[in-house]
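In what follows, chains are A, B, ... by sequence order, proteins preceding strands, each numbered from 1.
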Amino acid sequence: MPPKTTVQQFAPRLIAWQQQHGRHHLPWQVADPYGVWLSEIMLQQTQVATVLDYYPRFMAAFPNVQALAAAPQDAVLSLWQGLGYYSRARNLHKAAQQVVADFNGEFPCTRPQLERLSGVGRSTAAAIAAFAFGQRESILDGNVKRVLCRVFAQDGDANSKAFNDTLWALAESLLPPAAADMAAYTQGLMDLGATVCKRSKPLCNACPMADVCQARVQNRVAELPRKKAAVAVAVLPLYWLVLRRADGALWLHKRPQKGIWGGLWCVPCVPSLAQAEQWLAKAGLNLADMSEGHTISHRLTHRLLQITPLVCDFRLPENSAIIERDGEWVAKADLAAYGLPKPLAAYLAEIR
DNA sequence: AAGCCGGGGCA
DNA sequence: TGCCCAGGCTT
């Protein structure tokens, strides 16, 4: 049981702190639920600094939910290029169509209804409900978990449902009573975690909770929240078959919606030289036609891709089976309209 | 409950 | 290099 006084003081202190020291000029701090929703999706597992780069371009291209719903998926994915977790973009697009079709083009205002939208879970739904509609719903993201684990000295297995449920219950017990405070309160949770109660080197001297923070009292700030068990990083070889026409056009195909880089456009991609050979044979080519580029290391959260480009500058054989395949020649000038995996975009920029 | 999904910031 | 970030979906 957390100390009662700490629970009582949490919200008013946080709100006062946010108003004085929090962030107030982020471009998505608007009344428009569409803008709030877009920012929340972009900010999933992505830092503010990164989103600041993408959000304005996306809003300019799709200023409202109707525009987004009507766009082709590739237009959405190309604007998402480089942000990662591309299922977010696919779900975002789908959710826009849900809002238009199921909610008459108006965002729903309650958390349960918001959770029906693709890509919107409990925390994101709560954020939209709180920011755009003043609903008394609590978020629980990485920042909030860290703040709560410290202020209330919560020591548990971050992967366990039981511990997660405890944190949800704690978060809800802390909500301010007044709807009018929900925006500042919710923003305060995020701001405190991001700028003061940081993962490493937290600025406890600047923290409004310093005198009641149980982790601080117990001298356990550095050990809470407890780290998750480390995930093994698998090293995976990958070969890119870069087929380039004399005019510079590249052979690309749209990747399946599921799996890595889902829905993005990419050069053919195989895990072994044997499979590269098989693929090439169907296009009337073989490994001897390919020149090997330098290997690119691309690290994801849980895997390390070792990508070796195999490049062929060739004139397409008249009867090559490649023209029967699921893919197309893409002119250099048109590449910007195609969402590409980050390392491929970087590689293509490098070889021009 | 566990696995999957990108890319980047930071120490 | 390891860890984590305004998480959610699938199995």
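- Side-chain polar atoms of A:R88 and A:T46 form a donor-acceptor pair below 3.5 angstrom.
- Bracketed by its first and final contacts, the part of DNA chain C lying under 4.0 Å from non-hydrogen atoms of chain A reaches from C:dG2 to C:dC9 in 5' to 3' order.
- Under the 4.5 angstrom side-chain criterion for Ile, Leu, Val, Met, Phe, Trp and Tyr, A:V100 has no cluster partners at all.
- Taking the ring centre of A:W265 as origin, the terminal cationic atom of A:R255 falls outside the region bounded by 6.0 Å and 45° from the ring axis.
- Alongside A:Y85, the hydrophobic cluster contains no other residue (criterion: ILVMFWY side chains under 4.5 Å).
- Taking the six-membered ring where tryptophan is involved, the planes of A:Y34 and A:F107 are tilted, since the angle between them lies from 30° to 60°.
- Residue pairs meeting the ring-ring contact (aromatic ring centres under 6.0 Å, His included) criterion with at least one member in residues 177-209 of chain A: none, sequence neighbours excluded.
- When hydrophobic residues (I, L, V, M, F, W, Y) are linked wherever their side-chain heavy atoms come within less than 4.5 Å, A:V221 remains an isolated member.
- Side-chain contact of A:Q73 with A:Q257: a donor-acceptor pair under 3.5 Å is present, judged by distance alone.
- Between A:R220 and A:D155 there is a salt bridge, with a side-chain nitrogen of the basic residue lying less than 4.0 Å from a carboxylate oxygen of the acidic one.
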Self-check item: Per-nucleotide protein contact string for nucleotides 2-11 of chain B, where B marks a base within reach and S marks sugar-phosphate only (heavy atoms under 4.0 Å, - for neither)
Solution: ---BBBBB-S
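- As judged by a 4.0 angstrom heavy-atom cut-off over every strand, A:Q81 is placed among residues making no nucleic acid contact.
- Within residues 129-154 of chain A, the residues approached by DNA chain C to less than 4.0 Å at the level of any non-hydrogen atom are A:D141, A:G142, A:N143, A:R146, in residue-number order.
- Comparing A:K228 and A:G119 by the nucleotide of DNA chain C that holds the closest heavy atom to each, the one mapping nearer the 5' end is A:K228.
- C:dG8 and B:dG8: their P atoms are spaced 22 Å apart (whole Å).
- Because its NZ or CZ atom is not both nearer than 6.0 Å to the ring centre of A:W251 and within 45° of the ring axis, A:R245 does not count as a cation-pi partner of that residue.
- Residues forming a salt bridge (Lys or Arg N to Asp or Glu O under 4.0 Å) with A:D74 (at least two apart in sequence, or on another chain): A:K254.
- Taking A:E277 as the reference, nothing meets the salt bridge (Lys or Arg N to Asp or Glu O under 4.0 Å) condition, with sequence neighbours excluded.
- For the P atom pair drawn from C:dT11 and B:dG6, the interatomic distance equals 15 Å after rounding to whole Å.
- Salt bridge A:D165/A:K161: present, at least one basic N to carboxylate O contact under 4.0 Å.
- To the nearest whole angstrom, the two P atoms, one in B:dC4 and one in C:dA6, are 24 Å apart.
- Listed by chain and number, the residues in a side chain to side chain contact (heavy atoms under 4.5 Å, CB included) with A:P271 are A:Q275 (sequence neighbours excluded).
- A salt bridge is defined here as a Lys NZ or Arg NE, NH1 or NH2 lying under 4.0 Å from an Asp or Glu carboxylate O, and A:R13 with A:D211 meets this definition.
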Self-check item: Canonical and wobble pairing (Watson-Crick, G-U, under 3.5 Å) of DNA chain C, dot-bracket with |
Solution: |||||.|||||
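- Of the residues in residues 13-31 of chain A, those placing a heavy atom less than 4.0 Å from an atom of DNA chain C are A:R23, A:L26, A:W28, in numerical order.
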